[in-house]
Amino acid sequence: MSDGATDHTMPVSLGPLISGVLAQHPEVSDTQHVTTATALAAALEHTAAQLVEHFVENARRDGRSWTEIAAVLDVSRQAAHRRFASRVTSSLSASRTTHQGDTT
């Protein structure tokens, strides 16, 4: 499901990541660089998952259905719900509780 305006090129490139791994431990062996790169890749995967979760939460807050979100993610509604529902629901509930107590 594309609206025609979606550009999937993002400002993330391999060069700065490689430079970062090499700069972190310039004196170590290539195998240690593999270890460092593996740790960095795991951190990037975690951050990427948090990024998607953030926007799924925003979409749900804006009233988007799991069917709409699933179509964008190219997964079934059930898969989207299973992956995000518990985290998004708890986050939205916490947000509602916080806002209900606001007096400003």
Side-chain angles (χ1 to χ4, degrees):
M1 179 175 153
S2 177
D3 59 9
T6 304
D7 181 4
H8 294 289
T9 55
M10 298 301 295
V12 177
S13 63
L14 189 57
L17 296 173
I18 292 170
S19 296
V21 168
L22 294 173
Q24 189 172 8
H25 301 291
E27 71 288 345
V28 299
S29 70
D30 288 338
T31 55
Q32 182 59 41
H33 288 143
V34 171
T35 301
T36 303
T38 301
L40 176 59
L44 290 170
E45 287 175 8
H46 178 74
T47 301
Q50 288 178 316
L51 177 67
V52 172
E53 185 177 315
H54 170 83
F55 286 102
V56 167
E57 180 180 322
N58 285 350
R60 290 293 294 159
R61 185 178 291 120
D62 289 343
R64 300 297 183 188
S65 71
W66 286 114
T67 301
E68 290 175 289
I69 293 167
V72 172
L73 295 173
D74 197 27
V75 298
S76 70
R77 182 195 63 77
Q78 293 85 352
H81 188 267
R82 189 175 320 123
R83 179 175 170 191
F84 297 105
S86 65
R87 290 174 286 208
V88 169
T89 301
S90 64
S91 177
L92 291 176
S93 295
S95 176
R96 283 188 203 112
T97 302
T98 301
H99 294 297
Q100 287 174 353
D102 285 350
T103 57
T104 58

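No hydrogens, no waters, no symmetry mates; every other heavy atom, side chains included, goes into these values.
Sorted by first and then second residue, the side-chain hydrogen bond (donor to acceptor under 3.5 Å, both in side chains) pairs involving residues 30-41 (not counting sequence neighbours) are Ser29-Thr31. Contacts classified as ring-ring contact (aromatic ring centres under 6.0 Å, His included) and involving residues 70-89 (residues at least two apart or in different chains) are given here: Trp66-His81. Judged as a salt bridge (charged side-chain N to carboxylate O under 4.0 Å, His left out), not a single pair has a partner in residues 71-80 (not counting sequence neighbours).
Leu73 and Ala80 get closest at one heavy-atom pair: CD1-CB, 4.5 Å.
For Arg64, the side chain to side chain donor-acceptor pair (under 3.5 Å) partners two or more places apart in sequence, or in a different chain, are Glu68. Not counting sequence neighbours, the partners of Ser76 by the side-chain contact (heavy atoms from CB on, under 4.5 Å) test are Gln78, Ala79. For Ser13, the side chain to side chain donor-acceptor pair (under 3.5 Å) criterion is met by no residue, not counting sequence neighbours.
Considering only heavy atoms from C-beta on, Ile69 stays 4.5 Å or farther from Val75 through its side chain.
Under a 4.5 Å side-chain heavy-atom criterion applied to ILVMFWY residues, the cluster that includes Val34 comprises that residue alone. In this structure, Ile18 belongs to a hydrophobic cluster whose other members, linked by side-chain heavy atoms under 4.5 Å apart, are Leu14, Leu22. Residue Val28 belongs to no hydrophobic cluster, having no ILVMFWY side-chain heavy atom closer than 4.5 Å to its own.
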Side-chain donor-acceptor pairs under 3.5 Å in residues 39-49, sequence neighbours left out?
residue: His46; atom: NE2; partner: Gln50; partner atom: NE2; Å: 3.3
residue: Thr47; atom: OG1; partner: Ala43; partner atom: O; Å: 3.0

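The same ILVMFWY cluster, assembled from side-chain heavy atoms under 4.5 Å apart, contains both Leu17 and Val21.
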